[in-house]
Asker: 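Below you will find the structure I want to go over with you.
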Amino acid sequence: MRLSWNEVRARAAAFADEWQDAVYEKGETQSFYNDFFQVFGVKRRTVARYEAHVAKLDNRSGFIDLFWPGVLIVEQKSAGRDLAAAYDQAGEYCDALPERERPRYILVSDFQTFQLYDLDERDTVAFTLVDLPGHVEIFGFILGVQRRSFRDQDPVNIVAAELVGLLHNQLAEVGHGGHDLEQFLVRVVFCLFADDTGVFEPRDIFVELMETRTSEDGADLGPWLAQLFQVLDTPEQQRPTTLDEDLARFPYINGDLFKGPLSMFSCNAAMRSALLDACRFDWSQVSPAIFGALFQSVMEPVQRRAQGAHYTTEKNILKVIEPLFMEDLRAEFARLQARKTHRQTALWSFQTRLGGLTFFDPACGCGNFLIIAYRELRLLEIDVLKALYPRDRDGRRQLEGWAADLSKLNVDQFYGIELGEFPARIAETALWMMDHIMNNQLSLEFGQTFVRIPLETSPNIVHDDALELDWAEVLAPEQCSYLFGNPPFVGAKYQTSQQRQQVRRIAGLGKSGGTLDYVAAWFLKAGEYLQRSTAPMAFVATNSITQGEQVGQLWPLVFHRCKLDIAFAHRTFAWGSDARGKAHVHVVILGLHHRHQPWPHKRLFSYPDINSEPEESRHQVLSPYLFDAGGLSDPHLVVQEESAPINGMSRLIIGSKPIDGGNYIFDAAERGAFLETEPEAAPWLRPFIGAREYLQGGERWILALHDTPPDVLARLPRVRERIVAVRAYREASKSKPTQKLAATPTLYHINVIPTAPFLLVPRVSSERRDYAPIGWLNPPVIPSDATLLLQNATLADFALLTSAMHMAWLRHIGGRLESSYRYSIGLVYNTFPLPPRDAGLSKLDLLAQGVLDARAAHPGATLADLYDPDTMPPNLRRAHQALDRGVDRLYRRSGFASERERVEYLLMMYEGVRAPLEAQARRKRKRVRFSGQ
């Protein structure tokens, strides 16, 4: 963790104000940059030095004003000097430096103007000193944060998916569906690839067959395709001599893709037109990963949710495989290529090692992760071969023998498990297609034709349930090099009974079974598998496993049972898919390594916005909450849910939960209409406030009949109709507890009817807000179960719960609903460490009242308006900042410079609170065992 950007911006504004008159290079440069680095909470002398000597290429000496090896050169000038010349001077220094010390960034400045050059991205940003607060993010590298961009999906792939999706829709509309339609489309897509990539020779024989031999009305399209599929499944020597010449030109394709007949497809002119449009598209530039998107396109939404299927863009796949292995392999190749001695031998050995690596995806779906990994590895191998066989003076590769003998990589290095037979076969087919594409690329580099048709070597894709199968039967763990993938995301509430049983069996959490996401079972199964392997792993997962109650259930097992540590992680970002009906989820990526296998540095990819590119930072150790845990005595510490406060605070309770089928709840218009027919019911209709009404305004009302005398109810026929409807609704429920509630229809499921002012806490609040808004409400308001309430609350309670200290705890310990904060009684409130008892909480009363007064100064604004970070009134922000300082000083006299310090301090306090409780629990267990003996 580090200073937040809000904290950096505030420091930058103060820096700009202090140095607004600086003009003189010689006299002020060093003080200027000492203060500049402090804006980011970094001591300049720990990373960079002044007046670094460098021997320029023209043999003259120079001195770099500020030099951070490998990162930054600063060339500083007095006000008004030519910054273009300063950049040229810095460039000369850069060219003269050894390769390992050449920086990514050059900064030139005359104190009042900045120009930052990113040499990697070839990007320049210029701004004035006064505008520094608005540009601090470009200096993220000072904080150890590097902007990372992963390659995005080529738009051509999306176009291709849409073309096939159109064909699918037209076939589905006339009644084709199920397995045969899926198989039919995959065969067609293979032919489209094969026609443009040289599998079919000569090229374009498929489009020619479709254009010239099928009728314009499409009536014979199905029979022609059925014949073609049979031909592709028949070796040339076994075909009849009377076979149509246009069909006889097609090669034999092994691999079972075309094995077996399909039901006859009845087509029309529109379907033929859609197929021809797809044929005329250039498929040579399309990734075989499109097969996965195609499969998702033909899945129904209900089936997709049940299977937890979320197919992945290439960009997101690279976020997994790049830090897991590709970046290290490329870096190793670069080191070997730079060797002065034994370079050839080292490169041969490296290529041989590439050919011996194995890659395992135990939830492979249509194989997208394996396909993209294979492509990246083949591209790396081609670079190795180009280094081994350089071009001669005529531009030809110095090659003896055949290109077919060069590649040591093949699809049989790839292993997968997939529950569905159809996607498992797609994975095999797509890997073969990628193999052919990469063979074409190798052929182009070396001027020879290299094909592997008919198919002989096969990927190792197993059709089975990965949570029931012993993974060692697919690939012995000792032979596994890397484990990765995108397991199913099914949440606890949506799991089938079989899925729930699988999670409970694998996690072994006892009678409660926990509330783990389905993906957690893959982490634990992988951890068990890797006990006999040195392989690292990386999975995509729902962000729920790094937030809230699931952290306490999953991560102690990962850390202690499986002995794994976090190697790298992507914090929450928005998932993307190339398929129609794409997934809308928020995910994380977690890379893990065995504790006994060292990992050189821990990498964290953070997203300023869930749809943005990530910023990379490096750390000693990462917490399961995905922040730097280097300052903790136990970096594996997780906060456990508590049934009661362990901090001495009063109990926080949930609001009323009617379970009434909506019969007791009214909006303003419905209330008015109801009272027109039954005005005597007015005393029993009370304001009903949930999180939405509390934050954004609006009215709801609820019938509160808990203490209504029977003789009064006898005079309210419309109310009695509602009571009868509630009884019927509960009786019809499949839930036995709800059925029992039918006996008392005038009561809610949870009955909270405040008789005095109470403090209200929304259970969900936007992650954009610096503070989750809380405040007091008065009877006759009834709070809904979308809120929590603290009765008999004091100003000190309000001050603590709305402080930056508590918000830091909520952000890192609480759960999320998608990306919004979800306030949990057991995890957030009951565990929140309080200041020492003698700290004097009464000191906070005036500061708390200051916040309430600042809100009251804007009577027309909702809380959502007041706490929008872009439009928060200055007087309210100042009141909160004053309150934050007051609360901080109760915890520590020196206060806190960043949210990182707050969270680390709170976790250390939590450790101190938990230690005696755990000791007490151990003594209790010991007494129970003793008494049992």
Side-chain angles (χ1 to χ4, degrees), residues 153-168 182-211 225 228-229 231-233 247 249-259 274-298 311 314 366-368 370-372 374-375 378-379 410-411 414 422-423 425-444 449-459 461 578-579:
Q153 181 79 338
D154 192 324
V156 71
N157 292 340
I158 300 172
V159 174
E162 290 172 349
L163 288 169
V164 177
L166 178 62
L167 178 59
H168 163 267
E182 295 167 352
Q183 195 73 15
F184 175 83
L185 287 171
V186 172
R187 290 180 180 184
V188 166
V189 172
F190 181 94
C191 292
L192 295 171
F193 268 113
D195 215 29
D196 287 343
T197 59
V199 176
F200 295 164
E201 287 289 352
R203 299 192 183 205
D204 296 331
I205 57 174
F206 179 64
V207 64
E208 183 180 328
L209 181 72
M210 295 297 101
E211 283 181 334
L225 287 171
L228 173 61
F229 295 160
V231 167
L232 293 170
D233 191 46
L247 289 174
R249 292 193 294 170
F250 286 86
Y252 167 55
I253 305 295
N254 198 357
D256 294 339
L257 174 60
F258 294 95
K259 188 176 183 63
L275 176 59
L276 289 177
D277 286 342
C279 287
R280 293 165 184 149
F281 185 77
D282 182 5
W283 287 79
S284 65
Q285 302 302 314
V286 174
S287 167
I290 198 66
F291 276 59
L294 167 62
F295 177 56
Q296 186 173 348
S297 295
V298 302
Y311 290 91
E314 292 187 24
C366 295
N368 290 24
L370 299 175
I371 295 161
I372 301 305
Y374 185 49
R375 181 192 69 194
R378 287 293 302 271
L379 289 172
N410 211 325
V411 293
F414 292 80
F422 176 56
R425 300 291 78 83
I426 289 178
E428 290 179 341
T429 304
L431 273 164
W432 280 320
M433 283 307 310
M434 183 58 77
D435 181 64
H436 180 73
I437 290 171
M438 300 318 301
N439 292 340
N440 282 349
Q441 187 148 343
L442 182 63
S443 299
L444 290 174
T449 301
F450 173 31
V451 295
R452 287 171 174 159
I453 300 293
L455 304 171
E456 296 179 356
T457 302
S458 297
I461 309 297
D578 293 327

Asker: Report the distance from atom CH2 of Trp432 to atom CG of Asn439, rounding to the nearest 0.5 Å.
Answerer: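 Result: 14.0 Å between the selected atoms.
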
Asker: To check you understand the geometry: which heavy-atom pair defines the closest contact between Leu228 and Cys191, and what is its length?
Answerer: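 The pair with the smallest heavy-atom distance is CD2-SG, 4.3 Å.
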
Asker: How close do Ile371 and Cys366 get, heavy atom to heavy atom, and via which atoms?
Answerer: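 The answer is CD1-O, 3.7 Å.
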
Asker: Taking only residues two or more places apart in sequence, or in another chain, which ones meet Phe206 in a ring-ring contact (aromatic ring centres under 6.0 Å, His included)?
Answerer: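 Counting only residues at least two positions away or on another chain, Phe206 forms no ring-ring contact (aromatic ring centres under 6.0 Å, His included).
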
Asker: Hey, what do you get for CD (Gln441) to CZ (Arg378), rounding to the nearest 0.5 Å?
Answerer: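 One gets 9.0 Å once the value is rounded to the nearest 0.5 Å.
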
Asker: My understanding is that only residues two or more places apart in sequence, or in another chain, count here; which of them pass side-chain contact (heavy atoms from CB on, under 4.5 Å) with Asp233?
Answerer: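 Scan of Asp233 (side-chain contact (heavy atoms from CB on, under 4.5 Å), adjacent residues dropped) gives Phe258, Lys259.
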
Asker: Considering residues at least two apart in sequence or located in another chain, which fulfil the side chain to side chain donor-acceptor pair (under 3.5 Å) criterion with Glu211?
Answerer: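 So Glu211 forms a side chain to side chain donor-acceptor pair (under 3.5 Å) with Arg280.
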
Asker: Within the side chain of Trp283, is there an N or O that forms a donor-acceptor pair under 3.5 Å with the backbone of Val189?
Answerer: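 Side chain of Trp283 to backbone of Val189: no pair is present.
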
Asker: Rounded to the nearest 0.5 Å, how far apart are CG of Leu167 and CG of Leu276?
Answerer: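 Result: 10.5 Å between the selected atoms.
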
Asker: Mark yes or no for whether Asp195, through its side chain, and Ile205, through its backbone, hold a donor-acceptor pair below 3.5 Å.
Answerer: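 Checked: pair present.
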
Asker: Once rounded to the nearest 0.5 Å, what's the spacing between atom CG of Asp282 and atom CG of Leu192?
Answerer: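 It comes to 11.5 Å.
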
Asker: Can you name the closest pair of heavy atoms from Pro251 and Leu232 and give their distance?
Answerer: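 Shortest heavy-atom separation between Pro251 and Leu232 comes out as O-CD2, 3.3 Å.
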
